[in-house]
Amino acid sequence: MPEPGRRSGRPGHVADATGDPYTGRVSQTPSLPPVYQPAEVEQRRYAGWIEAGYFTADAASDKPPYTIVIPLPNVTGSLHTGHALDHTIQDALIRRKRMQGYEALWMPGLDHAGIATQNVVERQLAAEGLSRHDLGREKFVARVWQWKAESGGMITHQMRRLGDSVDWSREAFTMDEPRTRAVRTIFKRLYDDGLIYRAERIINWCPRCLTALSDIEVDHSDDEGELVYIRYGEGERSVVVATTRAETMLGDTAVAVHPDDDRYRHLVGVEVELPLTGRRIPVVADAHVDPEFGTGAVKVTPAHDPNDFEIGQRHGLPSLTVLDERGVVTAHGPFQGLDRFEARPAIVAALREQGRIVKEVRPYVHAVGHCSRCHTTVEPRLSLQWFVRTAPLAKAAGDAVRDGRVRIVPEEMTKRYFDWVDNMHDWCISRQLWWGHRIPVWYGPDGEMVCVGPDEEPPAGPGWRQDEDVLDTWFSSALWPFSTLGWPEDTPDLRKFYPTSVLVTGYDILFFWVARMMMFGLYAMDGVPPFHVVALHGMVRDKHGKKMSKSFGNVVDPMDWIERYGADATRWTMARGANPGADVPVSEEWCAGSRNFCNKLWNATRFALTNGAHTRGPLPDGLSAVDRWILSRLSQVIAEVDERFEAYELARVCDVLYHFAWDDVCDWYLELAKPVLAAGGPAAERVRRVLGEVLDQLLRLLHPIIPFVTDELWTALTGGESVVIAPWPVPDRSRRDEAAEAEVAALQKVVTEIRRFRADQGLRPSQRVAARLSGLAGAGIADHEPLVRSTARLDDPGEGFAATATLTVTGGVVVELDTRGAIDVAAERARLERDRAAAEKEAAQARAKLANEAFLTRAPAHVVEQTRQRLAAAEEDLARIAAALDTLSGGRESA
RNA sequence: GGGCGCGUAGCUCAGCGGGAGAGCACCCGCCUUACAAGCGGGAGGUCGCUGGUUCGAUCCCAGCCGCGCCCACCA
């Protein structure tokens, strides 16, 4: 096998093919190299697109708008496979709409990514032996801006490599001036409407990041712990509680039992002694307690457990904080200063010494929350934070989907959405960080609290200070669909491009982001939801469908694939798996296959150009059946691609186009065109036009997914400016031609049968075989004998022709071949016997059905008819095979 | 604990009431004048299991087995 690159030494093969081997015509275009080289093309094309301003949307345009806002990548991030998938889908949608004549805006931008970015810069400082506190708030924030300017937003460069047709002139950042203004505006409005409030609540606290977290920033995993049974109190007045968090007992202020639990009825209202502390705490009755779990008695720690906090509220219990912000014990006594995880065994040991431990169950697996940023175990903590009152906002967000104003694709995800918005807790939006939008609230010397709007001056004077906290990053992300368009100003962009057309993102952030954009969009934009459709895709996985993870070593870097296979191949690999909600398995082999597909298009177009294919003038009359067939297929393909695109089924789009391009166009149409081109004349002239037409349309259809190679080829083929701005194909129903399709199907069948015979007989492609054909007219392909001969490599019967084998094909075509004894009669007989068995089975099946009275009366007429046809076809096959076997036994058995 | 989904060719998946499909991998043959990143041919599946509905089930229903995901404040 020749190595790639070391190709055949055929004369003229490697050299640029500029001469037409069939007509001698010289190609009209600069020569295309024989193998597609993505790197140079991509760089040149992208620069050209930007220079031409194709992606810059015009708010003053008369065209209907089509808008997508990008799921804003983190400023700290780089392009991973998830982006490659997400961006490929969006770019495909936006490019198609642009071609369809919409004013298409794909809005790019970056998220300031509060915790993530602060962590990056803090790590840098740590390397210098500094902490953010050494710098102070102002200098630290300046340092983060400096970091952003120098190393942030790497992904925006990688997006250019992927070919994203975003409008760079509108690039936004969640911390830039217009977006900051949007944040200040909505905060003020929500505050004034009573939808933002400050309260002391149990929140998720990360003892490492030292900040509050919202529910969605907490990941739960099943961790092993131990359930410890501890006796509180003495004798009659004692109760055994079960806990996984013994260290919090120092903050217990009650024991709770179920009101209907007879075992403990006598204890309700009684006080028991809390071990190790000498404090006495009451036993209270609360319906929250599950009598089935543990002992049916729960220790109550209002300051360190959300349930206990609520029990405490109901019963007027005090909250006793015994852990500080780092999770270190603050309660006076021998445990003071111990970390929470050191304190736990220490306290259990102390209790055991006192004989308080009744029993231990280990291991006990239960769900434990972890910080989604650093995986530290989250500590429920009582603290003073800012919250968004979500109930009314979430109701509106649910209604917008319920009443159909917003559609979620795939529909199955809708239920998940409802589960989320219908059960949403108030959203903790304050973070104890420095990088982010500072909460615009000032506190006065006498306990005043003033929320300051974007155009207002904060209160000045001694004793006034601004809230130290910043807002959750997702707060500004939730404004993205309208803050990027200039809200709160009434801008031309906002009027033209809001609401956006579709939001494309992974199902993993349906809740994180989508629900919140819905809430804020509906609120800020007077009930107009931020998008019409939410199109969810899945996660990119490895070729075994496994999640990509660093520890597994199966992570793919899309930039690596772009370098080695090209951006188009990378995009195609993503797109061909991208159906709504479906995970996308990818692998390097598949990316190589995608590269091969691009190369196939390259060579098909190269062939077409060297043979004078063009797109000038209308399609001629007098087209052959083959020409009419490919145009008929093209019309079908356009319609199907449209349908799949509208359903966000990119994988189907790819499937349809792949098979049309490779099977129909390359394997059949081009092969059938070759002899016509070689013969020259008006038929060849017609083929040149049809071939140009088919490739022109095909390249347009492919362009949204593989923009680079299609632009390079399309401009070479058509001489047009760019396929980026070429009109999207419209299916021409008048080109549908069932007769031509049937004719070509029959032709393909005959050719395939002959090829199979040749392969079975071990006849080399190079071995010329003379043959006599008959019965073509009966099969409806009377005109195609030359095509059958050239495609199946059969010579005309010359002098001394002697038929040594007869092949009978479905439809009554008979091929007599002069194989001069090369034929293996035994092998051929074996094959025919196999065919006969299959045909008999088929016929028997059909006969059985048709003999069934119930089938005939109950089944729909078309099904019965279809079955009759199946039977007829099977019987014809049987007759054909019997005839062939007869001929065979009449022939001579070869050695 | 609640909800959703999936088990079809070696792998990844499509099909979802009437003839088992694709890509890759595999086998055989080919430098056939666009492409060896290619061309032609081929093999490979009791459609998870058990019942039910139906003239007919990979497809609908029920149960079971196996797998995955999401949500969740049972200590």
Side-chain angles (χ1 to χ4, degrees), chain A residues 1-4 7-13 17 21-22 32 34-36 202 220 227 241-245 256 288-290 292-294 297-301 305-310 366-367 369 380 412-413 415-416 419-420 423 425 507-508 510-511 539 541 543-545 565 576-577 579 581-583 585-587 589-590 592-593 595-611 651-652 655 658-659 666-667 670-671 674 678 752 755-756 758-760 762-766 793 842 845-846 849 852-860 862-864 866-867 870 873-874:
Chain A
M1 181 149 130
E3 293 182 21
R7 320 171 64 82
S8 105
R10 242 186 276 130
H13 178 79
Y22 296 101
L32 300 171
V35 171
Y36 175 49
I202 293 272
H220 292 270
L227 191 59
V241 301
T243 183
T244 54
R245 302 209 52 199
H288 169 264
V289 179
D290 175 7
E292 304 294 316
F293 187 90
V298 193
K299 63 191 271 307
V300 179
T301 323
D305 183 279
N307 289 319
D308 293 5
F309 179 77
E310 299 207 346
H366 63 136
E412 303 90 86
M413 293 288 178
K415 195 167 163 14
R416 280 194 192 183
D419 286 348
W420 173 260
N423 298 298
H425 296 154
Y507 57 67
D508 57 332
L510 180 61
F511 314 126
M539 305 293 110
R541 293 172 178 272
K543 64 175 162 183
H544 297 297
Y565 300 104
R576 72 187 307 183
N579 273 331
D583 287 343
V586 300
S587 82
E589 294 101 288
W590 304 345
R595 184 265 323 260
N596 295 355
F597 178 58
C598 295
N599 192 230
K600 189 74 179 172
L601 297 169
W602 182 265
N603 277 293
T605 308
R606 202 162 64 96
F607 171 84
L609 285 172
T610 55
N611 284 285
R652 305 305 198 75
D655 195 54
Y658 182 89
H659 285 109
C666 290
D667 286 349
L670 286 184
E671 291 306 319
K674 281 176 184 173
T752 303
R755 282 173 176 167
R756 178 152 89 134
R758 290 189 59 130
D760 286 351
L763 296 173
R764 299 277 181 280
S766 54
R793 307 186 146 266
E842 173 80 0
Q845 247 176 35
K849 279 196 166 186
N852 183 343
E853 197 59 36
F855 173 72
L856 292 174
T857 54
R858 311 288 288 270
H862 75 273
V863 174
V864 175
Q866 194 183 336
T867 309
R870 267 178 64 194

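Quantities reported herein were computed from a predicted structural model and do not represent experimental measurements. In what follows, chains carry the letters A, B, and so on, assigned in the order in which the sequence lines appear, proteins first and then strands, with residues in each chain numbered from 1.
A:Thr301 comes within 4.0 angstrom of no nucleic acid atom, judged by non-hydrogen atoms across all strands. Base contact: A:Val289 has a heavy atom under 4.0 Å from a base atom. At the heavy-atom level, A:Arg595 lies under 4.0 Å from base atoms of the strands shown. Across all strands, A:His862 comes closer than 4.0 Å to no nucleic acid atom at all (heavy-atom distances). Nucleic acid contact class of A:Cys598 (heavy atoms, under 4.0 Å, all strands): none. A:Pro380 comes within 4.0 angstrom of no nucleic acid atom, judged by non-hydrogen atoms across all strands. Using a 4.0 Å heavy-atom cutoff across all strands shown, A:Arg416 reaches at least one base atom of the nucleic acid. At a threshold of 4.0 angstrom between heavy atoms, the contacts of A:Glu671 include nucleobase atoms, whether or not backbone atoms are also involved.
Rounded to the nearest Å, the gap between the P atom of B:rG42 and that of B:rG23 is 13 Å. For B:rG45 and B:rG40, the C1' atoms lie 25 Å apart once the distance is rounded to whole Å. Taking atom C1' in both B:rA25 and B:rC49, one finds a spacing of 29 Å when rounded to whole Å. B:rU8 and B:rC47 are spaced 4 Å apart, taking the C1' atom of each and rounding to whole Å. For B:rU50 and B:rG41, the C1' atoms lie 41 Å apart once the distance is rounded to whole Å. B:rC28 and B:rA43 are spaced 10 Å apart, taking the C1' atom of each and rounding to whole Å. Across B:rG51 and B:rC11, the matching C1' atoms stand 32 Å from one another, rounded to whole Å. The C1' atoms of B:rU58 and B:rU46 are separated by 12 Å, rounded to the nearest whole Å.
When distances are taken from the side chain of A:Arg793 to each of B:rA37, B:rC74, B:rU32, the shortest belongs to B:rU32. Nearest nucleotide to the A:Lys600 side chain, out of B:rG18, B:rC39, B:rA75: B:rC39. Listed nucleotides B:rG23, B:rC74, B:rG40 differ in distance to A:Arg576; the shortest reach to its side chain belongs to B:rG23. Side-chain proximity of A:Trp420 to B:rA72, B:rG41, B:rA34: nearest is B:rA72. In the set B:rG40, B:rA75, B:rG18, B:rG40 carries the atom at the smallest distance from any side-chain atom of A:Asp667.
Residue A:Asn611 contributes atom CG, which lies 9 Å from atom C1' of B:rA34 at whole-angstrom precision. In this structure, CG of A:Asn852 is placed 8 Å from C1' of B:rG56, rounded to the nearest angstrom. Regarding A:Asn423, its CG atom lies at a distance of 13 Å from the P atom of B:rC71, rounded to whole Å. Here the C1' atom of nucleotide B:rC39 and the CZ atom of A:Phe597 are 17 Å apart, to the nearest Å. One can place NE2 of A:His220 at 8 Å from P of B:rC71, the figure rounded to the nearest angstrom. Rounded to an integer number of Å, the gap from A:Glu412 CD to B:rC69 C1' is 13 Å. The interatomic distance linking A:Gln866 (CD) with B:rG17 (P) rounds to 15 Å, in whole Å. In this entry the distance linking CG of A:Leu670 with P of B:rC39 reads 11 Å, nearest Å.
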Side chain to side chain contact (heavy atoms under 4.5 Å, CB included) between A:Glu589 and A:Lys543: does it pass, once the steps are laid out? CA-CA 9 Å; A:Glu589 294 101 288; A:Lys543 64 175 162 183; 3.1 Å; yes
From CA spacing to verdict: side chain to side chain contact (heavy atoms under 4.5 Å, CB included), A:Val586, A:Arg541: CA-CA 6 Å; A:Val586 300; A:Arg541 293 172 178 272; over 6 Å; no
Using the rule given for side chain to side chain contact (heavy atoms under 4.5 Å, CB included), can you reason through A:Leu32 versus A:Phe607, listing the C-alpha separation, both sets of side-chain angles and the distance that settles it, and then say yes or no? CA-CA 10 Å; A:Leu32 300 171; A:Phe607 171 84; over 6 Å; no
Applying side chain to side chain contact (heavy atoms under 4.5 Å, CB included), run through A:Val241 and A:Val298 and close with a yes or a no. CA-CA 5 Å; A:Val241 301; A:Val298 193; over 6 Å; no
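A residue-by-residue look at A:Ala854 and A:Tyr36 shows that A:Tyr36 has its nearest nucleotide of RNA chain B further toward the 5' end. Comparing A:Glu842 and A:Asp290 by the nucleotide of RNA chain B that holds the closest heavy atom to each, the one mapping nearer the 5' end is A:Glu842.
At least one side-chain nitrogen or oxygen of A:Arg870 sits closer than 4.0 Å to the OP1 or OP2 atom of B:rG19. Using a 4.0 Å cut-off, no side-chain N or O of A:Lys415 falls inside it from OP1 or OP2 of B:rC69. Residue A:Arg756 places no side-chain N or O under 4.0 Å from the OP1 or OP2 atom of B:rG41. For A:Arg858 and B:rC55, the shortest distance from a side-chain N or O to OP1 or OP2 is below 4.0 Å. Phosphate proximity of B:rA37 to A:Asn603: absent, as no side-chain N or O sits under 4.0 Å from OP1 or OP2.
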Could you write nucleotides 8-15 of chain B as a row of B, S and -, 5' to 3', where a protein heavy atom under 4.0 Å of any base atom gives B, of only sugar-phosphate atoms gives S, and otherwise -? ---SSSSS
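The minimum heavy-atom distance linking A:Val863 with A:Thr867 is given by the pair O-OG1, 2.7 Å. Pairing each heavy atom of A:Pro34 with each of A:Asn603, the nearest pair is O-OD1, 3.2 Å.
Annotation: cation-pi geometry not satisfied between A:Lys600 and A:Tyr658 (NZ/CZ under 6.0 angstrom from ring centroid, within 45° of ring axis).
Within the 3.5 Å criterion, the main-chain N or O of A:Ala651 finds no donor-acceptor partner in the side chain of A:Asp655. A donor-acceptor distance shorter than 3.5 angstrom exists from the side chain of A:Arg758 to the backbone of A:Arg793, with no hydrogens or angles considered. Put simply, the side chain of A:Asp305 gets close to the backbone of A:Asp308: a donor and an acceptor are under 3.5 Å apart. No donor-acceptor distance shorter than 3.5 angstrom exists from the side chain of A:Asn599 to the backbone of A:Val35, with no hydrogens or angles considered.
Side chains of A:Tyr36 and A:Asn596: a donor-acceptor N/O pair is absent below 3.5 angstrom, by distance only.
Helical stems of RNA chain B (runs of at least 3 Watson-Crick or G-U pairs, donor-acceptor distances under 3.5 Å) are listed by first residue: B:1-7 with B:65-71, B:10-13 with B:21-24, B:26-30 with B:38-42, B:48-52 with B:60-64.
Taking A:Ala608 as the reference, A:Ala613, A:Leu691, A:Leu695 meet the side chain to side chain contact (heavy atoms under 4.5 Å, CB included) condition, with sequence neighbours excluded.
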